[in-house]
Amino acid sequence: MRNSYDIAIIGAGPAGMSAAITAVKAGSTVVVLDDKKQAGGQIYRNVSHSPLPNPESLGSDYTKGRSLVAEFEASGVIALWESTVWHVGDKGEILFSQKGVTKSLTAREIIISCGAMERPFPVPGWHLPGVMSAGSAQVMLKNDAMVRDNAVFVGTGPLLYLIVAQYIRLGVEVKALVDTTPLSSYTGSAPYFPGALAHARMLVKGMGLLNEIRKAGVTVYRFAENIAIEGDTEAKSIKFNCGGSQIKFSAEHVFLHQGVIPNLNMTRSLGVDHHWCAQQLCWKPTLDIWGESSVASIAVAGDCSGIVGADAAVDMGRVVALQRLVRLDLITEKIRDQLAADALARIKKLNRFRKFIDRLYRPQDLHRIPQQEDTVVCRCEEQTVGQLKAGFDAGANGPDELKGLTRCGMGPCQGRQCGHTVSELLAQWRGVTVSDIGYYRLRSPMRLLNLSELSQFTHVAPGYTEEKS
Amino acid sequence: MNADVIIIGGGIQGCATAYQLAQAGASVIVLEKDRVSRHASGVNAGGVRVLGRHVAEVALSKASMELWPQLDVELDADTGFRARSLINIAADESDLEILAKREQQMHALGYLHEKRLDQQELRERLPYVSPSCVGGVVSEEDGYAIPYKSTFAFRNAAERHGATFLEGVEVAQIRKIGPHWLVDAGSQRFESQYLVNCSGAWADQISVMIGDNVPLTHSAPMLMITTRMPHFATPVVGAVSRPLSFKQFENGTVLIGGGAKGFADRENNRTRLDYSKLAVGAKNAIEFFPIMKTAAVNRMWSGLEAYMPDNLPVIGKSVSADNAFHAFGFSAHGFQMGPIIGKVMAELVLTGVSSFDLNAFRVDRFERKVL
């Protein structure tokens, strides 16, 4: 009996599902790990088991995931659900927690497709109870059919407008949409518009969402900046500048969103090379067109490779899986090129659309790189801009030194919430590029790990089947 | 660049030595191949202990312990030092026998800082300890400090006294021309009268350049830390014969060590963790302190540390060359000694002798005559 899987795929979102389908078809032994109970990832979360009476109200971009999920489920791939991966080693080792026990498995090839996370929105008061990310509002909606009345949505980006529209369709009262897309983004993105025309359908859909929001009578503030949420122990009000004046009103539920960034903790703690992407203003693992990282057996697909969107993630999953099959000697390079051609062409086209979208919804500097001394940067350890600056002045020149001196990035989120902000703040203070600064050196566990869980080890190998609970 | 003294290695030993020398008026350059406090000095468990030291180290360790409580004032910094006492727990009768023998040995040498605890006393000091533990030994003045901050404190104080720290400067070659040391580091050259080797896990390479061969190895002791827990342990905790060591900090987080080693990859500045060994550490922690069953591990790490075959450091003069000195190979218990080692090395450089007996730490103690 073989002890190792051919391919392990971490994350069953669009990229992971697509990679699994491709790999299984070619006859490789595949295992998929995901911390949720079923396939779909964030975008297609619960798409085939929605708690909502009418999931169609979430839009066709959501419900179209059903066919992918169905194909994945029919493919016969082994999936380990509710499995939280907390360590991936460069020798094919994966450690994960499942039902209170640590399990380990090995795979010749690993595909990381753990998706994106929302970009932190470090403005004054963003840490107060009552303030959440718009994505978490959507998770509550998709998972538990829970909503918040009279919420204020703040920020920029298609996902924000989509969630507001979803709220409206469900009949939930929305207090206001505070749109932080600056006027300069409309002019700045214009040169990329022709490149996006190939995806006119998506453009129309985006504009449609904004129209839908306005028609529903939601107050929309455009070109807002200098967002601050106020309140002593919880959110009470929001204020911002808009059209030359300061606006302030009460707000107990504030949902923030300014786009998504790759979920980097896995690739970072694996030690694969990363680079700063000026177009998307985020760190990305450095990959070739086949998704291969600087660590040979590790490939990355989907939004955790850089934000590509669900459609491109499906194509990328396929392309990356094909290259794994070549490495496993299951297909030839010629076959790979044939099978990947359409997907690669679509990815190229979508990249042009991405340029436009990235420019249009680029988060403003002042909402990414906080300047006020008392704005919290590291939420876990409650470190403010002022405290970090003091650490910098005391000689901490890089993210790791700053971590050592101030404890920023040491908390349970493993730097997810402050990593990008710290890189950009240090770049600003030192007057160098973000690339020169780098990022925290990360280690496993990528998630909190219970000590009892850690003390029990089981090995999982091909042929393993899960007991149905 | 010229200086009176070149120190190779920006860990706590190098930084403390730089501080003492600079304070005494010497010009000092510290060459650090990565950055100050990057390796063992920055990522160790922060234990500040005299308890359980090898007899050869006790005098130095006790002298260092006297310095720790004053360091914050002296260095005008926050080392995070807290005197909390350290207790080594006896799990069974055979542990108690080990402790009785140790007490005899220590008392014979006139050392009285280790006091045995019976089961009742152990429970009073550690109310959450497992009822199966039978006793222990305590050293009242022991405690912990924050390694990164402590090393930085020495560095900053040294700089204030004029020492120069050069980071990212890796020594490629060392030569002695007449009375002077010439140190080549890529495109840069440095010259000095004295050389001090404090280069930790890389110290064997530097030793060879000076002319001393030394059987140094390196490894990667592992640590893990939990999220904040309700306060349950004031003293730092160890075990007489089990690989367990932990401390709860003021913020509630619990640092768990115990000496389990991961895999060291010195050439690439990397370490790899051995999770099955960490699992054993987790088991031990839960067994001694059942309250830790629900603890959530937040981070795990290890650093590159230098070990000598007898687990004692090398401290003293080079045997092959004049005006070169070593302080390395602390074998995972050098952090506490940092403050006194700074003084000892400064003494050696400035006067040629130390007030401590350094015979057990000779660099050539493993040299054997070939017949």
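Keep in mind it's a predicted model, so treat the numbers as computed, not measured. Numbered from 1 within each chain, the chains take letters A, B, ... in sequence-line order.
- Salt bridge present: A/Glu381 and B/Arg228 bring a charged side-chain N and a carboxylate O closer than 4.0 Å.
- Looking at B/Arg270, the atoms closer than 4.5 Å to chain A (heavy atoms on both sides) all sit in the side chain, from C-beta outward.
- Contact of B/Phe152 with chain A is made through the side chain alone, with heavy-atom distances under 4.5 Å.
- For B/Lys283, the NZ atom is loosely surrounded, since the number of other residues' heavy atoms within 6.0 Å does not exceed 12.
- Only the side chain of B/Ile256 comes within less than 4.5 Å of a heavy atom of chain A; its backbone N, CA, C and O stay farther away.
- Classified by interplanar angle (parallel below 30°, tilted 30° to 60°, perpendicular above 60°), the ring pair B/Trp202/B/His39 is tilted.
- With respect to chain B, the highest number of heavy-atom pairs below 4.5 Å among A/Gln456, A/His87, A/Glu93 belongs to A/His87.
- Against chain B, the residues from residues 396-415 of chain A that qualify, each with a non-hydrogen atom under 4.5 angstrom away, are A/Asp400, A/Glu401, A/Gly404, A/Leu405, A/Arg407, A/Met410, A/Gly411, A/Pro412, A/Gln414 in number order.
- Among B/Met292, B/Arg272, B/Arg155, the residue with the largest count of heavy-atom pairs under 4.5 Å with chain A is B/Arg272.
- The choice from A/Arg447, A/Met446, A/Arg441, A/Glu453 that makes the most heavy-atom pairs within less than 4.5 Å of chain B is A/Arg441.
- If you measure heavy-atom distances from B/Asn298 to chain A, the contacts under 4.5 Å come from both the backbone and the side chain.
- Summarising the geometry of B/Arg160 relative to B/Leu75, their closest heavy-atom pair is NH2-O, 2.6 Å, with the distance given to 0.1 Å.
- For chain A, the nearby part of B/Ala285 is the side chain; its heavy atoms alone come within less than 4.5 Å.
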